[in-house]
Number of protein chains: 2
Amino acid sequence: MTDRLPHTLRSDASDNRERILDAARALFATEGLKAPMREIARHAGVGPATLYRRFPTKQMLATEAFTDEMRACRAIVDEGRAEPDPWRGFCLVIEKTCELHARSRGFTEAFMSTFPDAMDFVAEREYALRSIAELAHRAKDTGHLRPDFVLDDLVLMLMANRGIHTTSKAARVAASRRFAALVIQAFQASPQHSPLPPVARLAPAAPAAPAAPAAPGKIT
Amino acid sequence: MTDRLPHTLRSDASDNRERILDAARALFATEGLKAPMREIARHAGVGPATLYRRFPTKQMLATEAFTDEMRACRAIVDEGRAEPDPWRGFCLVIEKTCELHARSRGFTEAFMSTFPDAMDFVAEREYALRSIAELAHRAKDTGHLRPDFVLDDLVLMLMANRGIHTTSKAARVAASRRFAALVIQAFQASPQHSPLPPVARLAPAAPAAPAAPAAPGKIT
DNA sequence: ACGCTAACGGACGCCCCCGTCCACTTTGGC
DNA sequence: GCCAAAGTGGACGGGGGCGTCCGTTAGCGT
């Protein structure tokens with residue numbers, strides 16, 4: 001007797017499913033969550049209907065696509081909490097989180113945005129925030145984290161980090177790294193300067209070079 | 001003899017022009033530069049054709065609409081340079097600039113975005129950046145600004161500041177204020193803590209309160 | 001080898017935004 | 001008051017994304 005409930009996907013189906021997820025990850029990372037469903041389907045080499053049957057809504061697709069990042073996020077905070085020195089753990093969390101978010105524009109949007117319906121991210125984010133709150137409390141006790149630090153400061157930092165856009169992903173990661181270092185400088189109670197990561201070349205050059213002629217730069 | 005060149009607008013025309021600019025300022029501030037032209041026209045109580053004849057492209061509209069902000073921006077850096085204490089001037093520039101950008105989402109986009117064609121913002125931004133570079137140089141000489149500060153750090157800060165979104169404009173300004181204070185903490189060479197501005201209520205509350213039921217929170 | 005059925009993708013209708021054209025209305029000099 | 005020209009707004013065609021339907025293909029159990 002065959003399984004009446006097709007909980008197991010057909011071979012081509014699961015194959016397509018994987019390619020869809022790969023395409024979604026790639027496009028979400030570069031274009032953000034606003035990447036058109038059609039584009040994802042095209043990039044995966046499937047028709048729109050296939051995409052929509054597998055993932056009826058963009059939320060579901062994003063949830064599945066960002067499972068890895070979600071796991072990495074949880075791993076980061078757990079690792080930070082496990083660190084013997086709370087302040088060191090706190091810094092690690094900030095650095096790694098910034099880098100993680102810098103690597104995928106879409107993940108940041110999904111992580112920050114509050115989806116009341118069915119998105120698992122909310123619970124995950126709350127867990128992360130609560131964990132960091134506890135870590136921050138311990139870090140304050142050691143006197144390394146400034147006493148007036150508030151958990152919202154970390155949310156502020158995440159929101160700020162998402163504003164960092166550059167041309168290439170590498171540049172964005174580098175910029176985020178330096179940003180994280182600056183933020184840590186701002187958060188520590190007894191301020192002793194540690195060297196900052198190198199600056200990445202940002203989009204608008206400082207001197208009056210009239211920018212690259214490549215980008216048409218439409219305003220839309 | 002009447003003026004053959006209608007360099008002077010008819011009364012109703014200039015009236016509409018003002019209303020269009022007001023509407024554009026309001027919508028650009030809340031919705032950002034992506035606000036539909038139709039919406040601006042509707043909000044101004046005119047037809048689309050009127051809007052398009054007065055401002056053939058969104059760039060021209062934005063340029064005109066943000067003249068005040070642009071002037072304010074220049075005033076801020078000039079004021080900062082005039083300050084006797086360079087570090088104090090530097091801090092003033094950061095604080096005021098963050099607040100200015102927090103007040104209008106659209107202005108930030110226009111200011112940061114690099115429009116090769118016809119946008120006056122580029123020159124204005126370059127002037128501001130060069131001025132701040134000089135100010136930063138002096139602030140370094142006094143020993144208040146950390147020596148490894150780079151002008152790109154300021155661009156980084158501006159990009160980060162634009163990532164701060166909240167529900168209300170007041171909350172955004174407050175959040176930006178605190179952010180600016182943190183950034184200044186990170187930038188100063190001999191770190192002595194000054195009290196931070198109060199935290200504003202950010203969008204996602206720290207405890208597990210399941211958010212306001214108001215926003216449907218669509219992902220698109 | 002066969003056939004049942006899950007799975008596929010092209011095609012459709014919908015809506016929103018864009019930029020332009022044109023017939024009607026208003027202004028302001030005489 | 002008159003009337004030419006400046007000004008106006010509704011309407012139009014184009015383009016793109018969205019979510020769904022349906023005739024066809026191909027996996028897989030027998």
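The chains referred to below are lettered A, B, ... by the order of the sequence lines, with proteins before strands, and numbering in each begins at 1.
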How many whole angstroms separate atom [atom1] of [X] from atom [atom2] of [N]?
X       : N      : atom1 : atom2 : value
B/Leu9  : D/dA6  : CG    : C1'   : 9 Å
B/Leu51 : C/dC18 : CG    : C1'   : 12 Å
B/Asp12 : D/dA6  : CG    : C1'   : 8 Å
A/Arg53 : C/dC8  : CZ    : C1'   : 6 Å
A/Lys34 : D/dC18 : NZ    : P     : 11 Å
A/Tyr52 : D/dG17 : OH    : P     : 11 Å

Main-chain N/O of [Y] paired to [X] side chain as donor or acceptor, under 3.5 Å:
X        : Y        : result
B/Ser14  : B/Ser11  : yes
B/Arg125 : B/Met112 : yes
B/Lys58  : B/Leu33  : yes
B/Asn16  : B/Ala13  : no
A/Thr57  : A/Met60  : no

Which residues in residues 13-31 of chain A have at least one heavy atom lying under 4.0 Å from any atom of DNA chain C? A/Ala13, A/Asn16
Any residue in residues 35-47 of chain A with a heavy atom nearer than 4.0 angstrom to DNA chain C? Just list them by number, or reply none. A/Arg38, A/Gly45, A/Val46, A/Gly47
As a test of reading the structure: which of D/dT20, D/dC28, D/dA6 is closest to the side chain of A/Arg10, going by heavy atoms? D/dC28
Over all atoms of both residues, closest heavy-atom pair of [X] and [Y]:
X        : Y        : answer
B/Phe66  : B/Phe107 : CZ-N, 3.3 Å
A/Ala23  : A/His43  : CB-ND1, 3.5 Å
A/His101 : A/Thr108 : O-OG1, 3.1 Å

Which residue, A/Met157, A/Arg162, A/Arg177, forms the side-chain contact (heavy atoms from CB on, under 4.5 Å) with A/Cys98? A/Met157
Within the pair A/Lys58 and D/dG19, is there a side-chain N or O less than 4.0 Å away from OP1 or OP2? no
Between D/dG9 and B/Thr50, is there an OP1 or OP2 to side-chain N/O distance shorter than 4.0 Å? yes
